Number of protein chains: 2
Amino acid sequence: MRRGLEFKKKARVILVDDNYEHLSGIKELIEIESDFDVVATATSASVAISLIKKYRPEIVLMDINMPEKDGLTAIAEIEKLDLGVRTIALTGYDDPDLIFRAMKIGAKGYILKTMASAQLIYAIDEVASGKIYLPATLSSRFFEYFQKSFKEETQAVSDEENLLNYLTQREEEVLDLLTQGVTYKGVAQKLFISETTVKTHVNNIFQKLQVNDRTQAVLYALNNGFLNRRKVKIAI
Amino acid sequence: MRRGLEFKKKARVILVDDNYEHLSGIKELIEIESDFDVVATATSASVAISLIKKYRPEIVLMDINMPEKDGLTAIAEIEKLDLGVRTIALTGYDDPDLIFRAMKIGAKGYILKTMASAQLIYAIDEVASGKIYLPATLSSRFFEYFQKSFKEETQAVSDEENLLNYLTQREEEVLDLLTQGVTYKGVAQKLFISETTVKTHVNNIFQKLQVNDRTQAVLYALNNGFLNRRKVKIAI
DNA sequence: TGCTATCTAGACCAGATGGTCTATAAATAA
DNA sequence: TTATTTATAGACCATCTGGTCTAGATAGCA
């Protein structure tokens with residue numbers, strides 16, 4: 001009874017694991033070691049989702065590695081339901097990609113089955129109180145992955161290689177409009193220049209970016225940071 | 001002397017903080033409470049960078065809030081140098097946006113000035129040994145921010161609103177090629193169909209996506225998750 | 001069985017796009 | 001001053017793109 005006397009309602013929990021033995025093990029653990037209320041258990045993701053709709057628990061402990069519908073997809077679905085249910089991913093693997101994807105889709109915690117039972121209870125406690133919980137080791141792994149994918153995306157081309165840097169001011173303005181799907185005629189009107197001038201600029205842009213048409217130019221611009229002062233992509 | 005007797009080389013540290021009192025305070029703390037070697041200190045980011053080039057320390061403790069060049073920019077520059085220096089951001093603010101940006105550009109840790117000195121030493125220890133360290137509270141804040149920005153991007157449009165979901169299999173294939181900058185002729189060749197058929201598909205795509213030309217179609221596709229099974233954008 | 005959706009493809013045409021060449025004015029750098 | 005860069009714009013032409021209409025083949029559904 002870690003939390004002892006208190007006024008807050010006991011958090012209700014649903015457990016999901018395709019392994020029945022493991023399921024009852026965790027159930028027992030939680031009931032003995034904490035004052036959380038295990039309102040239901042499920043051995044498949046689809047059953048779990050209907051139980052969640054029925055019981056509206058605060059917390060769902062979801063095994064990631066399950067046949068049929070996997071846990072990650074299930075978590076995504078639960079998040080989409082937007083019932084305020086907070087999901088903790090539970091798995092045997094500390095694969096950073098798994099961790100990243102789980103956190104991405106909205107898991108509020110991620111713990112390993114090999115971790116001590118106290119850590120599991122602590123995690124539920126933290127998540128139930130509105131926090132997001134990742135053990136330090138997993139957090140570290142997550143960030144390595146996070147930074148790595150970021151680096152690959154952003155440092156893929158240096159300033160000298162980024163052909164966008166060779167565009168003139170006016171060419172940038174034209175390209176900016178092209179990336180918004182504006183036609184030549186539209187560009188001409190917006191910039192108060194003739195359509196032929198637009199074409200001249202566009203041809204220069206093509207040459208500088210080494211592309212053959214507007215679509216490729218737009219794609220080049222989007223992929224090479226033309227708007228990336230505001231938005232950044234992360235490889236998944 | 002937390003680490004006591006050991007064979008590993010003492011990690012060398014450079015401290016950066018525009019406040020000189022604070023700087024010497026931390027220096028003293030590190031020298032008394034740990035066996036790290038403070039090889040240099042700096043009160044500005046630009047001085048820090050030259051010191052880093054000179055001393056090649058393992059660790060840099062960088063204050064984020066400084067006049068002139070701010071700490072985040074400095075960290076980004078240090079990362080770009082690619083000297084294997086591991087930087088820890090040190091600041092008074094637990095603003096999730098700051099944390100996110102720091103981790104994004106490659107900071108290996110982020111700690112608050114208000115945190116206990118033991119935590120600072122622990123953070124250096126962890127980072128020096130190759131890990132990434134974020135205290136649980138900051139990590140939690142980071143993830144909230146991370147998930148929020150993610151949700152905004154991906155759930156901006158529901159499935160029913162996402163016109164991409166109304167495309168047929170074949171139309172998706174065509175659009176996929178268009179988003180790679182392929183011409184109609186190219187699409188025809190790749191899909192082994194006539195150019196007229198491509199045009200028919202493209203026209204249907206335009207109608208379904210309610211756009212007027214290929215560029216707009218490509219933009220719609222990119223902005224509405226056409227590739228988001230692989231790549232995901234995060235608002236910064 | 002008939003209805004519907006999907007994929008295929010042709011015809012015809014207007015207009016948009018892209019390629020190339022030339023040329024002028026203004027600003028800037030050598 | 002001269003050369004270069006940038007922004008402007010016209011001419012000419014081939015090709016690509018997009019709009020509309022028709023239509024056959026196939027598959028699935030009611």
Side-chain angles (χ1 to χ4, degrees), chain A residues 159-227, chain B residues 158-227 229:
Chain A
D159 284 357
E160 302 87 59
E161 296 172 61
N162 193 339
L163 302 176
L164 289 174
N165 293 326
Y166 299 111
L167 298 184
T168 67
Q169 178 71 39
R170 203 54 162 171
E171 286 161 358
E172 275 194 18
E173 292 177 57
V174 173
L175 181 55
D176 183 41
L177 291 171
L178 293 188
T179 61
Q180 294 169 40
V182 181
T183 64
Y184 288 4
K185 196 171 288 183
V187 174
Q189 283 172 1
K190 289 187 187 246
L191 298 184
F192 304 107
I193 54 181
S194 86
E195 213 176 320
T196 9
T197 306
V198 175
K199 281 174 55 179
T200 308
H201 286 311
V202 169
N203 273 305
N204 290 333
I205 292 170
F206 289 168
Q207 298 220 335
K208 290 187 180 180
L209 300 188
Q210 296 163 25
V211 297
N212 302 310
D213 56 51
R214 53 189 288 131
T215 310
Q216 289 175 8
V218 168
L219 289 172
Y220 186 94
L222 296 179
N223 287 327
N224 292 87
F226 198 65
L227 298 169
Chain B
S158 66
D159 284 357
E160 303 87 60
E161 297 172 61
N162 193 339
L163 302 176
L164 289 174
N165 292 327
Y166 298 112
L167 298 183
T168 68
Q169 179 69 39
R170 203 56 162 170
E171 285 160 0
E172 275 193 18
E173 292 178 57
V174 173
L175 182 54
D176 184 41
L177 291 170
L178 292 189
T179 62
Q180 293 170 39
V182 182
T183 63
Y184 289 2
K185 197 172 287 185
V187 175
Q189 283 172 3
K190 289 187 187 246
L191 298 185
F192 304 108
I193 54 180
S194 85
E195 212 176 320
T196 8
T197 306
V198 175
K199 281 173 55 179
T200 308
H201 286 312
V202 169
N203 272 305
N204 291 333
I205 292 170
F206 289 168
Q207 296 219 336
K208 290 187 180 180
L209 300 187
Q210 296 164 24
V211 298
N212 302 310
D213 58 52
R214 53 190 290 128
T215 310
Q216 289 174 6
V218 167
L219 290 171
Y220 187 93
L222 295 180
N223 287 327
N224 292 87
F226 196 64
L227 297 171
R229 276 133 227 166

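First the proteins, then the strands, lettered A, B, ... as listed; each starts at 1. Just so it is clear, the model here is predicted, and its values are computed rather than measured.
Going from atom CD of Glu171(B) over to atom C1' of dA5(C) covers 11 Å, rounded to whole Å. Note: NZ (Lys185(A)) to P (dA14(C)) measures 15 Å, nearest angstrom. Distance OH (Tyr166(A)) to P (dT6(D)): 13 Å, rounded to an integer number of Å. What separates CZ of Phe192(B) from P of dT8(C) is a distance of 12 Å, to the nearest Å. Following rounding to the nearest Å, Glu172(A) (CD) and dT6(D) (P) show an atom-to-atom distance of 12 Å. Put simply, CD on Glu173(B) is 8 Å from P on dC7(C), counting in whole angstrom units. Atom CG in Leu167(A) sits about 16 Å away from atom P in dT5(D), given to the nearest Å. The CD1-P distance, from Ile205(B) to dA5(C), rounds to 18 Å in whole Å.
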N/O to N/O distances under 3.5 Å, protein versus nucleotides 19-26 of chain D:
unit_1  : atom_1 : unit_2    : atom_2 : d
dG19(D) : OP2    : Asn203(B) : OD1    : 2.9
dG19(D) : O6     : Lys199(B) : NZ     : 3.2

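Taking both residues in full, the closest heavy atoms of Tyr220(B) and Leu163(B) are given as OH-N, 3.0 Å, listed atom of the first, atom of the second, then distance.
Contact between the side-chain N/O atoms of Thr197(B) and the OP1/OP2 oxygens of dA9(C) is found at a separation under 4.0 Å. Within the 4.0 Å cut-off from OP1 or OP2 of dA9(C), at least one side-chain nitrogen or oxygen of Ser194(B) is found. In this structure, Thr168(A) reaches the dA7(D) phosphate: one of its side-chain N or O atoms is under 4.0 Å from OP1 or OP2.
The side chain of Arg170(B) sits closest to dT8(C) out of dT8(C), dC16(D), dG10(D). Residue Thr183(A) places its side chain closer to dT17(C) than to any other of dA7(D), dT17(C), dT8(C). Closest contact between the side chain of Ile193(A) and the listed nucleotides dA9(C), dA9(D), dA7(D) involves dA9(D). The side chain of Arg214(A) approaches dT17(C) more closely than any other nucleotide in the set dA7(D), dA9(D), dT17(C).
One distance of note links CZ of Arg170(B) with OG1 of Thr197(B); it measures 9.0 Å at 0.5 Å rounding. Between the OG1 atom in Thr179(A) and the CG atom in Leu222(B) there is a gap of 11.5 Å [rounded to 0.5 Å]. The distance from the CG atom of Leu175(B) to the CZ atom of Arg214(B) is 10.5 Å, given to the nearest 0.5 Å.
Of the two residues contacting DNA chain C, namely Lys208(B) and Asp213(A), the nearest-nucleotide position lying further toward the 5' end is that of Lys208(B). Each of Asn204(B) and Thr215(A) was matched to the nucleotide of DNA chain C holding its nearest heavy atom; the match closer to the 5' end belongs to Asn204(B).
Applying side-chain contact (heavy atoms from CB on, under 4.5 Å) to Asp213(A) and the options Thr215(B), Val182(B), Thr183(B) leaves one that passes, Thr183(B).
Considering only heavy atoms from C-beta on, Leu164(A) comes within 4.5 Å of Leu167(A) through its side chain.
The side-chain hydrogen bond (donor to acceptor under 3.5 Å, both in side chains) pairs that include a residue from residues 201-211 of chain A are Glu171(A)-Lys208(A), where partners are two or more places apart or lie in different chains.
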